[in-house]
2 protein chains.
Amino acid sequence: MNRELLLLGLLRQGATHGYQLHDFIERNLAFCTDLKKATAYALLDKMQAKGWVSAEEVREGARPPKRVYRLTPAGEAAFQQLLRRSLSATDEESDVGLAFIDALPADEARQLLAQRRDALAQQLAAFQAAPQHQGGYQLLIEHQMYRLRCEVAWLDKVIARLRARHSRRAAGHKRTA
Amino acid sequence: MNRELLLLGLLRQGATHGYQLHDFIERNLAFCTDLKKATAYALLDKMQAKGWVSAEEVREGARPPKRVYRLTPAGEAAFQQLLRRSLSATDEESDVGLAFIDALPADEARQLLAQRRDALAQQLAAFQAAPQHQGGYQLLIEHQMYRLRCEVAWLDKVIARLRARHSRRAAGHKRTA
DNA sequence: TTTTCCATGTAACTCGTTACATGATTTC
DNA sequence: GAAATCATGTAACGAGTTACATGGAAAA
């Protein structure tokens, strides 16, 4: 799902072909995901079958022809939905959504991240309510709790930043009104 | 690999059957892994084929018989190897190893975690050296860097704790000597 | 008596990777 | 002339999940 979000998000910034998409991901996003060539091509095929992207055969000179994909309106709709889901989800893998957060109004982005934040805070509370274990198990749990605390703190920072941006914009509107 | 480590680690604390293993994992370790029944049974089969565990058919009363697995010496060796690899690895999934950290001498555990720590610190340094991106991409990168910093800090705490335990033990030895 | 628990397993499927094949073009 | 880059694709495989089948026992 997040791989699809990623491809849609990249295609949203301009039509390209599979090779370039894979190349970009490998060069710039290797730290958060890895998408092999075969997978990328297969995924683009699948997305075309779903009507999310349209393909156009382009040949330059005598080179092997490229299949240039571009987002369809249905693809944009799918992107929006996947993005919202990604931003509010708590699983590690759905971090890619952050790369496209600017595609949403700051206010909505803030709400979605707040959902994520609250879900994580709830997980943390569940741990705190549960009885202690011993030895290594306890260490594992402490690690998880530590991570949850960090994540909540980070989200709070980002949410505050989005709120500030929102109110700055509101102030700007007031001034220009 | 980590699933195997997990099963080996649990079997190390006493022979049991697949159902119980799956049940324990689902009840107590759902926050860090999920291992479906079918997967657990298949994995135990595979591990038996590798000679890591031996199986014994046990029937109590008229109940369906259980296949009770117990660790073999080869299984213990595999456990040790997987554990060391897990503790020094940086990928998210290899957190299970922490649950079995007590199986190693505190001194060695400390070294392995220090390896992990250094690898993460290096990843962080690579980010800091790289040029800034803009918008959402930068947010994604900042998130990753934040996580890396948290993780390094946590490992430093745990490492310090292990060092303290080690020197306490050394002091104890001196006193008793 | 119907549901839940104990206990194991199989078959079909999805997702993704690996390894390979193809072939032209640019770079060393 | 060899190697890397551009560009796409297929076939085989592996790991894991889903959904199902099978039964007896205990609990509601």
Side-chain angles (χ1 to χ4, degrees), chain A residues 1-8 10-11 15-30 32-50 52-70 82 91-94 96, chain B residues 1-8 10-11 14-27 29-30 32-50 52-70 82 91-94 96:
Chain A
M1 344 266 90
N2 293 305
R3 291 155 184 267
E4 291 185 325
L5 173 61
L6 176 56
L7 289 176
L8 290 173
L10 293 177
L11 282 174
T16 39
H17 54 286
Y19 187 92
Q20 205 163 63
L21 285 166
H22 168 260
D23 196 58
F24 179 84
I25 291 167
E26 209 176 47
R27 277 187 215 283
N28 302 302
L29 300 171
C32 74
T33 188
D34 72 323
L35 186 69
K36 298 299 151 76
K37 274 187 200 174
T39 313
Y41 287 126
L43 231 41
L44 287 167
D45 259 13
K46 250 181 64 185
M47 285 165 54
Q48 189 187 4
K50 286 198 258 194
W52 290 1
V53 296
S54 63
E56 189 196 358
E57 204 91 348
V58 172
R59 54 179 62 227
E60 292 164 356
R63 300 245 202 124
K66 320 175 198 176
R67 312 204 73 215
V68 171
Y69 293 92
R70 64 167 21 89
L82 289 175
D91 48 299
E92 305 285 339
E93 291 142 34
S94 69
V96 215
Chain B
M1 343 266 89
N2 294 304
R3 291 157 185 267
E4 291 183 325
L5 173 61
L6 176 57
L7 290 176
L8 290 174
L10 292 177
L11 282 175
T16 40
H17 54 285
Y19 188 93
Q20 205 163 62
L21 285 166
H22 169 259
D23 196 58
F24 180 84
I25 291 167
E26 209 176 46
R27 277 188 215 283
L29 299 171
C32 74
T33 188
D34 70 324
L35 186 69
K36 297 300 152 75
K37 274 186 201 175
T39 313
Y41 286 125
L43 232 41
L44 286 167
D45 259 12
K46 252 182 63 183
M47 285 165 53
Q48 189 186 4
K50 285 197 258 194
W52 291 0
V53 296
S54 62
E56 189 196 359
E57 204 92 349
V58 173
R59 53 180 62 227
E60 293 166 355
R63 301 245 202 128
K66 320 174 199 177
R67 313 205 72 215
V68 171
Y69 293 92
R70 65 166 22 88
L82 289 175
D91 49 299
E92 305 284 339
E93 291 142 34
S94 69
V96 216

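Each chain gets a letter, A, B and so on, in the order its sequence line appears, and its residues count up from 1. Quantities reported herein were computed from a predicted structural model and do not represent experimental measurements.
- The rotation axes computed at either terminus of the helix from C/dT1-D/dA28 to C/dC28-D/dG1 lie 30° apart, taking five pairs at each end and rounding to 10 degrees.
- With sequence neighbours excluded, the residues that form a side-chain contact (heavy atoms from CB on, under 4.5 Å) with A/D23 are A/R27.
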**OP:** Show your working on salt bridge (charged side-chain N to carboxylate O under 4.0 Å, His left out) between B/E26 and B/K36 and close with a plain yes or no.
**Re:** CA-CA 9 Å; B/E26 209 176 46; B/K36 297 300 152 75; over 6 Å; no
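- Going from atom CD of A/E93 over to atom C1' of C/dG16 covers 13 Å, rounded to whole Å.
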Original post:
How far apart are the C-alpha atoms of A/L82 and A/N2, what are their side-chain angles, what is the distance that settles it, and do they pass the side chain to side chain contact (heavy atoms under 4.5 Å, CB included) test?
Top reply: CA-CA 8 Å; A/L82 289 175; A/N2 293 305; over 6 Å; no
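- The nearest whole Å value for the distance from the NE2 atom in A/H17 to the P atom in D/dT5 is 15 Å.
- In this structure, B/Y19 reaches the C/dC6 phosphate: one of its side-chain N or O atoms is under 4.0 Å from OP1 or OP2.
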Which pairs, protein N/O on one side and nucleotides 18-23 of chain D N/O on the other, fall under 3.5 Å?
residue, atom, partner, partner atom, Å
D/dT18, OP2, B/K36, NZ, 3.0

I'd like a table of atom pairs between the protein and nucleotides 12-14 of chain D - only N or O on both sides, under 3.5 Å - with the distance next to each one.
none

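- As a whole-Å value, the separation of A/D23 CG from D/dT5 C1' is 10 Å.
- What separates NZ of A/K66 from C1' of C/dT25 is a distance of 13 Å, to the nearest Å.
- For the pair B/H22 NE2 and C/dT8 P, the computed distance is 12 Å after rounding to whole Å.
- A distance-only check finds no donor-acceptor pair linking the side chain of B/R67 to the backbone of B/T16 [under 3.5 Å].
- Taking atom CG of residue B/D34 and atom P of nucleotide D/dG16, one finds them 10 Å apart after rounding to whole Å.
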Subject >> Verdict with reasoning, B/Y41 to B/H22, per side chain to side chain contact (heavy atoms under 4.5 Å, CB included) >> reply: CA-CA 9 Å; B/Y41 286 125; B/H22 169 259; over 6 Å; no
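- Atom-to-atom, CD of B/Q20 to P of C/dC5 comes out at 16 Å; the value is rounded to the nearest Å.
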Original post:
Would B/E56 and B/H17 count as a side chain to side chain contact (heavy atoms under 4.5 Å, CB included) if you check the C-alpha gap in whole Å, the side-chain angles of each, and the deciding distance to 0.1 Å?
Top reply: CA-CA 9 Å; B/E56 189 196 359; B/H17 54 285; over 6 Å; no
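- Interatomic distance, B/K66 NZ to B/Q20 CD, rounded to the nearest 0.5 Å: 7.0 Å.
- Protein atom CG of A/L35 is 10 Å distant from nucleotide atom C1' of C/dG16, rounded to whole Å.
- Atom CZ of A/R3 is separated from atom CD1 of A/I25 by 9.0 Å, given to the nearest 0.5 angstrom.
- A/R67 has no side-chain polar atom (N or O) that falls below the 4.0 Å cut-off from OP1 or OP2 of D/dA7.
- Every side-chain contact (heavy atoms from CB on, under 4.5 Å) that B/V53 has, sequence neighbours left out, goes to B/L8, B/L11, B/M47, B/Q48, B/Y69, B/L71.
- Checking the phosphate oxygens (OP1, OP2) of C/dT8, a side-chain nitrogen or oxygen of B/Y41 falls inside 4.0 Å.
- For the atom pair CG of A/L35 and CG of A/L21, the computed distance is 9.0 Å after rounding to the nearest 0.5 Å.
- Listed by chain and number, the residues in a side chain to side chain donor-acceptor pair (under 3.5 Å) with B/K46 amount to none (sequence neighbours excluded).
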